[in-house]
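Just so it is clear, the values below take in all heavy atoms, side chains as well, and ignore hydrogens, waters and symmetry mates.
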Amino acid sequence: MTGASDGGIPWPTDLRPLATLEGPAVLAANAALQRVLASLSKQDAGACESSARSLDVVVGLEKGIYFVRVDRRLDRCGWPVGSQLEFDWFELYAVSPEGKVLGRRAFMP
């Protein structure tokens with residue numbers, strides 16, 4: 001199922017994770033993860049909350065586009081389970097099989 005199209009990208013409303021990550025899926029996940037890490041606070045560089053350690057990556061494939069959702073998991077940094085710095089924070093990226101980020105949607109109500 002897909003949602004409204006932004007810039008020609010048919011964004012999914014329900015991301016179905018792949019069971020196995022083949023090479024292009026790994027490239028897509030890496031591209032999205034690098035974008036998120038670059039956007040995190042430079043002031044807190046080196047802190048667990050601003051590192052890959054605090055992030056989950058979910059990869060799905062629809063119509064030849066990889067959709068990569070990045071979720072923050074502060075419980076991996078010693079915070080209580082379910083803790084968030086922002087309410088319901090995650091980002092969704094559309095990425096080509098070659099690892100090119102095609103678009104981004106941030107979800108922060």
Side-chain angles (χ1 to χ4, degrees):
M1 183 181 290
T2 58
S5 178
D6 293 340
I9 297 171
W11 294 96
T13 55
D14 183 26
L15 185 62
R16 292 179 299 232
L18 297 171
T20 301
L21 297 182
E22 70 281 357
V26 173
L27 284 175
N30 183 60
L33 187 59
Q34 292 303 318
R35 284 275 180 110
V36 171
L37 289 171
S39 72
L40 294 177
S41 173
K42 305 299 182 238
Q43 180 181 7
D44 297 328
C48 178
E49 294 84 359
S50 295
S51 72
R53 182 174 167 199
S54 69
L55 302 172
D56 271 350
V57 177
V58 178
V59 181
L61 177 64
E62 285 194 29
K63 299 180 182 176
I65 298 174
Y66 288 95
F67 291 93
V68 182
R69 190 180 73 221
V70 181
D71 299 307
R72 195 171 237 173
R73 292 280 313 273
L74 295 178
D75 57 302
R76 294 190 182 140
C77 299
W79 294 56
V81 173
S83 295
Q84 291 292 336
L85 296 174
E86 306 88 359
F87 181 71
D88 198 25
W89 185 97
F90 71 92
E91 294 190 358
L92 182 64
Y93 289 84
V95 185
S96 75
E98 297 77 31
K100 180 182 178 199
V101 174
L102 304 172
R104 170 187 170 267
R105 279 192 162 178
F107 289 83
M108 299 185 332

Test item: Asp56 and Phe90 side chains (from C-beta on) under 4.5 Å apart, heavy atoms: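 Side chain of Asp56 against side chain of Phe90, heavy atoms only: no contact under 4.5 Å found.
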Heavy-atom side-chain proximity of Ile65 to Pro10 below 4.5 angstrom: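 Of all side-chain heavy-atom pairs linking Pro10 with Ile65, at least one is under 4.5 Å.
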Nearest atoms (heavy-atom pairs only) where [X] meets [Y]:
X: Ala32; Y: Val68; value: CB-CG1, 3.5 Å
X: Ala25; Y: Val59; value: CB-CG1, 4.1 Å
X: Pro24; Y: Pro97; value: CB-O, 3.5 Å
X: Gly64; Y: Leu61; value: C-CD1, 3.9 Å
X: Trp11; Y: Tyr93; value: CZ3-C, 4.0 Å

Separation between SG of Cys48 and CZ of Arg73, rounded to the nearest 0.5 Å: 11.0 Å
CZ on Arg53 to OG on Ser51, rounded to 0.5 Å: 7.0 Å
Joint hydrophobic cluster, Leu27 plus Ile9, side-chain heavy atoms closer than 4.5 Å: no
Val95-Leu33 co-clustered via ILVMFWY side chain contacts under 4.5 Å: yes
For Glu91, the option from Arg105, Arg35, Arg104 that meets side-chain hydrogen bond (donor to acceptor under 3.5 Å, both in side chains): Arg104
N/O donor-acceptor pair under 3.5 Å between Arg76 side chain and Leu55 backbone: yes
